[in-house]
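So you know, we letter chains A, B, ... as the sequences are listed, proteins then strands, and number each from 1. Not measured: the values here are computed from a predicted model.
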Amino acid sequence: MADYKPTLNLPKTDFPMRGDLTKREPQCLDHWLQTKLYQQLRQARAGAQTFILHDGPPYANGNIHIGHAVNKVLKDIIVKSQTLNGFDAPYVPGWDCHGLPIELAVEKSKGKAGRQVDATEFRQACREYAQQQVNQQREDFKRLGVLGDWDQPYLTMNYQTEADTIRALGKIIANGHLEKGAKPVHWCTDCGSALAEAEVEYDNKQSLAIDVRFTVLEADAMLARCHAPGTGGQGPISVVIWTTTPWTLPANQAVALHPALEYVLVECAGEYGTERLVLAEALLKDAMCRYNIDHYRVVGYCKGEALEGLLLQHPFYEREVPVILGEHVTTEAGTGAVHTAPGHGQEDYVVGKKYHLPVHNPVGGDGHFLADTPLFAGEFVFKADRKVIEVLKAKGKLLREKIITHSYPHCWRHKIPIIFRATPQWFISMEKAGLRQQAMAAIETVNWLPDWGKERIKGMITNRPDWCVSRQRNWGTPIALFVHKHSGNLHPNSLALLEKVAQKVEQAGIEAWFSLDAQELLGEEAQDYEKLKDTLDVWFDSGVTHTAVVQQQLGLALPVDLYLEGSDQHRGWFQSALLTAVAMYGSAPYKAVLTHGFTVDADGRKMSKSLGNVVEPQKVIKTLGADILRLWVSATDYRTEMNVSDEILKRIADAYRRLRNTARFLLANLHDFDPAQHLVQPQDMLALDRWAVDRAYRLQQEVIKAYDGYGFHQVYQKVHQFCAVDLGALYLDIIKDRQYTVQTEALARRSAQTALYHIVEALVRWLAPILSFTADEIWQHIPGQRTPDSVFLATWYTGLFSLAETETMNPAFWQQVFVVREAVSKELEKLRVAEQIGSSLDAEVNIYCEGAVFECLNALNEELRFVLMTSAAKVYALAEKPDAAVTVGEFALLAKASSHTKCIRCWHHSADVGSHAEHPELCGRCIENIGIGEQRRYA
RNA sequence: GAAAGGAUAGCUCAAAGGUAGAGCAACUGUCUUAUCAACAGUCCGUUGGAGGUUCAAAUCCUCUUCUUUUCUCCA
């Protein structure tokens with residue numbers, strides 16, 4: 001048997017079938033670095049319309065997890081697709097570098113600032129630690145294939161940025177939003193400082209629980225407010241509170257009731273004679289039992305809201321305190337009446353604010369009552385509990401005392417119980433200069449994606465308290481203000497001073513403030529002013545990057561096009577950016593805000609070490625490659641939770657192989673194609689090839705639309721389907737015969753190659769934002785002069801064209817043909833099962849039809865068999881249909897094994913095999929093709 | 001405890017009141033000219049559950065389960 005294989009034009013390529021991504025991707029990254037791809041891109045797009053995605057800075061601590069990877073990849077897909085749109089879309093990644101977690105990490109190695117190590121040295125260590133964390137995270141982000149200005153990222157600890165953060169504060173002060181106040185914070189009496197949430201741990205503590213009478217000042221006024229069917233009883237009336245922190249009573253400013261709870265007025269005989277008590281009805285029995293009172297009677301009742309504003313006598317001070325209402329009051333324990341000391345409790349503070357109660361804190365930093373505190377001056381708070389009880393007893397206000405054990409916050413370092421203590425703080429007021437209302441208006445100007453994000457942030461802005469921006473910390477942007485020692489007022493020249501400080505910080509970083517001698521700026525006045533030691537909340541640092549980074553460092557205009565972060569950032573960055581922007585210049589810093597959900601496992605549970613369901617991006621990259629991770633990100637609808645597991649990634653890897661192999665096949669069939677010489681003009685191309693280009697043309701419009709709408713999973717679905725169905729199952733399968741068997745230079749072949757060429761040019765661009773590494777690799781293998789050098793410098797391919805409806809063989813025509821093809825396929829399968837044929841080329845088929853179907857099939861003439869991939873395909877009128885034919889819809893089919901001999905070169909069965917003496921195993925078509933060449937017109 | 005989002009085939013996604021549909025996977029074959037590939041055929045669903053509105057519900061309403069995020073987490 002002669003070997004005709006060398007006479008075929010078989011596919012040939014260096015583009016490997018296997019991705020080998022774990023090896024190839026790092027090389028690709030090196031190449032991008034060496035060619036300064038990012039810088040090239042900036043030059044190439046200079047002057048083009050911009051698209052600015054402003055990066056939200058991850059916190060510079062710890063390894064990146066899958067959530068970071070999702071966020072960065074989504075950003076990268078957007079930036080790359082917008083670049084393909086022709087926009088100048090710079091991407092400058094950033095890091096959030098100040099703050100507590102870094103301080104805590106440094107404390108572990110260096111010790112606490114001001115104790116084992118001085119504050120300056122401590123801050124330097126924080127700076128170094130943060131930089132090292134940035135470096136580590138940066139390597140992981142780069143490995144994901146994210147294209148950005150990694151050499152010049154923005155860091156909130158850059159001197160310039162620190163200075164501009166201070167200037168941002170100045171602007172907010174100038175606009176009248178900053179306010180001094182006091183707020184209770186966790187306070188360790190041993191540390192002598194405030195503790196952050198992360199420094200607090202809960203443990204059991206024994207406390208004295210007491211029930212205390214707050215006597216109603218005007219009994220008549222009280223009775224007038226409630227239903228008292230009889231006489232209303234006898235004796236003094238007291239509202240009873242229950243507390244586990246007796247030492248907070250000196251700071252009491254009110255008693256809180258729940259507005260909707262039912263309260264009762266009970267007459268009973270106590271140790272001081274007949275009296276009346278006010279309690280929540282639901283707790284009446286419990287309370288009476290606790291007080292050992294057997295005989296009592298309800299003499300009146302009312303809802304809590306009826307008592308609002310009623311005045312009570314403080315149990316041991318000459319102070320009148322009001323009844324206030326709070327939703328936080330419950331009936332789980334106590335009396336339904338809550339002792340309220342805004343200086344000693346978060347909730348009391350919040351509700352107190354509503355009623356304009358004074359925030360009174362009589363306790364010093366060492367936990368001892370201040371010298372001007374009547375009765376308890378100098379006492380340590382927890383020791384004062386006993387003394388408070390003695391005083392209450394003496395005043396006849398104590399109903400009962402008992403030692404209880406309960407969960408209580410402790411200092412994680414000293415393991416001692418901590419207290420809530422109001423300390424001076426700085427706030428950005430939501431109301432003082434209309435910030436809340438302006439922010440609400442700004443929300444309306446932003447495109448929130450998905451749309452429920454708008455309601456979410458509106459709800460948060462509506463309800464949020466003033467923003468406490470001060471922290472008693474070391475590693476942070478300083479609140480660089482001077483406060484008058486006696487009046488507590490800001491220095492009248494604060495704004496000018498702030499600018500002077502900012503100039504110093506530009507040169508030497510935040511240390512310039514901490515090491516500043518006040519005299520240098522204030523001269524003689526320095527002795528009258530206190531230089532603030534507080535730092536800014538880190539959310540302020542990241543919040544103002546719209547100014548400190550976007551405007552100042554990058555010189556870009558606001559608002560930017562897009563912020564993109566996880567949905568938790570409605571509470572975080574989206575809000576801190578919005579509030580600071582509105583406070584500075586009255587409008588939102590972004591045009592649109594896009595959010596993504598969190599990654600969860602296959603069952604929708606969040607990832608945790610204890611559940612063992614954590615997917616680490618580093619591991620995925622090491623085993624499957626970054627492109628697989630990227631493909632997963634693109635394939636997943638990120639608007640809700642994103643499921644990820646080994647199985648899901650395996651499926652994604654399968655899909656990757658299909659995409660890669662499709663590209664490989666296209667390239668392999670273009671190995672001898674030079675577009676400069678061989679490209680066939682659209683009007684000269686075969687009809688089927690024009691159909692294929694038309695499919696790509698239509699798809700490209702959908703792909704671009706999907707990218708612009710940030711619907712990447714649609715891109716994935718559509719492109720994958722195109723590769724699997726339009727190309728794999730149809731077009732590529734059909735043209736193999738033409739590609740392989742006709743003459744190398746035949747129009748029939750060059751026409752198909754032209755289509756393949758157009759398609760791969762388009763495909764590589766569709767894939768580039770998602771499969772960046774693979775697309776780059778494909779780009780290198782596409783034949784012809786490649787300009788630009790990289791797919792990332794390119795714009796969408798413009799060589800595609802549509803197939804006009806007016807053509808005979810228009811898209812609808814081919815649709816009809818493929819319906820028949822599918823039916824034929826099913827018929828052939830029957831023959832195959834019956835073992836009458838193997839390959840479809842072993843069969844021939846007769847089609848009986850009329851009307852449009854007949855016209856259609858007949859138009860293809862002799863070439864119908866190539867579309868159906870049978871050795872023969874004949875079209876007859878429906879009337880001629882024999883009984884053996886199978887009817888499928890509008891037509892009927894009769895398929896049978898071919899009786900002719902198989903040509904060993906093209907595998908078609910044909911009557912003319914053997915007609916040539918020199919090539920007894922070939923058909924006439926192949927003889928032509930080895931020699932003079934076959935003519936084709938349609939398929 | 002509250003608010004918001006989500007739940008459709010083994011997986012990823014469609015279907016905006018009108019017969020639940022793709023692709024992948026699985027299974028069974030074919031080919032050996034994309035070969036650790038490709039093609040063909042087959043199978044797969046009480047749309048988380050229960051009610052309701054409607055001639056008709058994945059879709060609208062109510063309740064419920066699970067889950068995610070945020071808030072509250074307390075005298």
Side-chain angles (χ1 to χ4, degrees), chain A residues 4-5 8-13 17-18 202 209 241-245 248 255-256 326-330 332-341 344-348 350 406-407 450 452-453 455-456 459-460 463-464 566-572 595 597-600 602-606 631-632 634-637 639-643 645 647-652 654-655 657-658 661-662 664-669 711 713-714 716-718 720-725 728-730 732-733 736-737 739-741 822 825-826 828-830 832-833 835 837-842 869 905-907:
Chain A
Y4 290 99
K5 216 167 174 176
L8 294 170
N9 304 294
L10 293 179
K12 185 177 145 189
T13 181
M17 185 157 74
R18 291 171 62 88
Y202 285 78
I241 64 95
W242 178 78
T243 180
T244 56
T245 52
T248 61
V255 170
E327 298 285 340
H328 63 290
V329 177
T330 67
E332 274 167 33
T335 59
V338 176
H339 145 58
T340 301
H344 292 309
Q346 178 60 34
E347 226 156 24
D348 293 0
V350 172
H406 62 154
S407 174
W452 50 259
E455 289 312 311
R456 188 159 186 182
M460 286 171 170
N463 294 319
R464 74 157 295 151
S567 54
D568 58 331
Q569 296 302 326
H570 286 109
R571 162 60 52 193
T595 55
F598 279 65
T599 48
V600 292
D603 302 320
R605 288 174 200 281
K606 65 173 149 194
L631 191 58
W632 165 70
S634 81
T636 308
D637 183 353
R639 289 170 299 188
T640 123
E641 288 83 57
M642 302 173 71
N643 300 90
S645 66
E647 196 215 337
I648 291 168
L649 288 169
K650 187 178 179 300
R651 292 285 97 82
I652 291 290
D654 288 341
R657 253 176 259 130
R658 169 57 103 167
N661 260 321
T662 302
R664 179 170 185 263
F665 185 74
L666 297 176
L667 295 171
N669 280 291
H713 66 284
Q714 292 161 22
Y716 166 84
Q717 296 272 344
K718 285 172 196 287
H720 187 264
Q721 191 135 338
F722 176 72
C723 288
V725 180
L730 274 176
L732 299 181
D733 216 22
K736 276 180 202 170
D737 177 78
Q739 278 302 296
Y740 301 164
T741 68
E822 199 178 326
S825 249
K826 284 195 167 78
L828 296 184
E829 189 64 20
K830 290 181 193 164
R832 203 170 282 134
V833 170
E835 296 189 332
I837 63 165
S839 156
S840 65
L841 287 176
D842 296 339
M869 298 204 307
R905 183 170 176 274
C906 72
W907 299 345

Just checking [X]: base, sugar-phosphate only, or nothing, at a heavy-atom cut-off of under 4.0 Å?
{"X": "A/Lys830", "result": "nothing"}
{"X": "A/Lys606", "result": "sugar-phosphate"}
{"X": "A/Thr245", "result": "sugar-phosphate"}

Could you check which nucleotide pairs with [N] in any of the strands shown, counting Watson-Crick or G-U wobble with both distances under 3.5 Å?
{"N": "B/rA75", "result": "none"}
{"N": "B/rU42", "result": "B/rA26"}
{"N": "B/rA2", "result": "B/rU70"}

Verify the contact: side-chain N or O of [X] to OP1 or OP2 of [N], cut-off strictly under 4.0 Å; return yes or no.
{"X": "A/His720", "N": "B/rC13", "result": "no"}
{"X": "A/Arg664", "N": "B/rU35", "result": "yes"}
{"X": "A/Tyr740", "N": "B/rA34", "result": "yes"}
{"X": "A/Arg832", "N": "B/rU42", "result": "no"}

Taking [atom1] from [X] and [atom2] from [N], how many angstroms apart are they, rounded to a whole number?
{"X": "A/Lys650", "N": "B/rA26", "atom1": "NZ", "atom2": "C1'", "value": "10 Å"}
{"X": "A/Asp733", "N": "B/rA40", "atom1": "CG", "atom2": "P", "value": "7 Å"}
{"X": "A/Leu841", "N": "B/rU32", "atom1": "CG", "atom2": "P", "value": "10 Å"}
{"X": "A/Asn643", "N": "B/rA7", "atom1": "CG", "atom2": "P", "value": "11 Å"}
{"X": "A/Asp603", "N": "B/rA7", "atom1": "CG", "atom2": "C1'", "value": "12 Å"}

- Partner residues of A/Arg657 under the side chain to side chain contact (heavy atoms under 4.5 Å, CB included) criterion, sequence neighbours left out: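 A/Arg657: side chain to side chain contact (heavy atoms under 4.5 Å, CB included) contacts with A/Ala653, A/Asp654.
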- Item | Side chain of A/Arg605 (C-beta onward), nearest among B/rC36, B/rC66, B/rU12 |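 Looking only at heavy atoms from C-beta outward on A/Arg605, the closest nucleotide is B/rC66.
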- Item | Out of B/rC31, B/rC24, B/rA4, whichever nucleotide has its closest atom nearest the side chain of A/Trp907 |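 Of B/rC31, B/rC24, B/rA4, B/rC31 is nearest to the side chain of A/Trp907.
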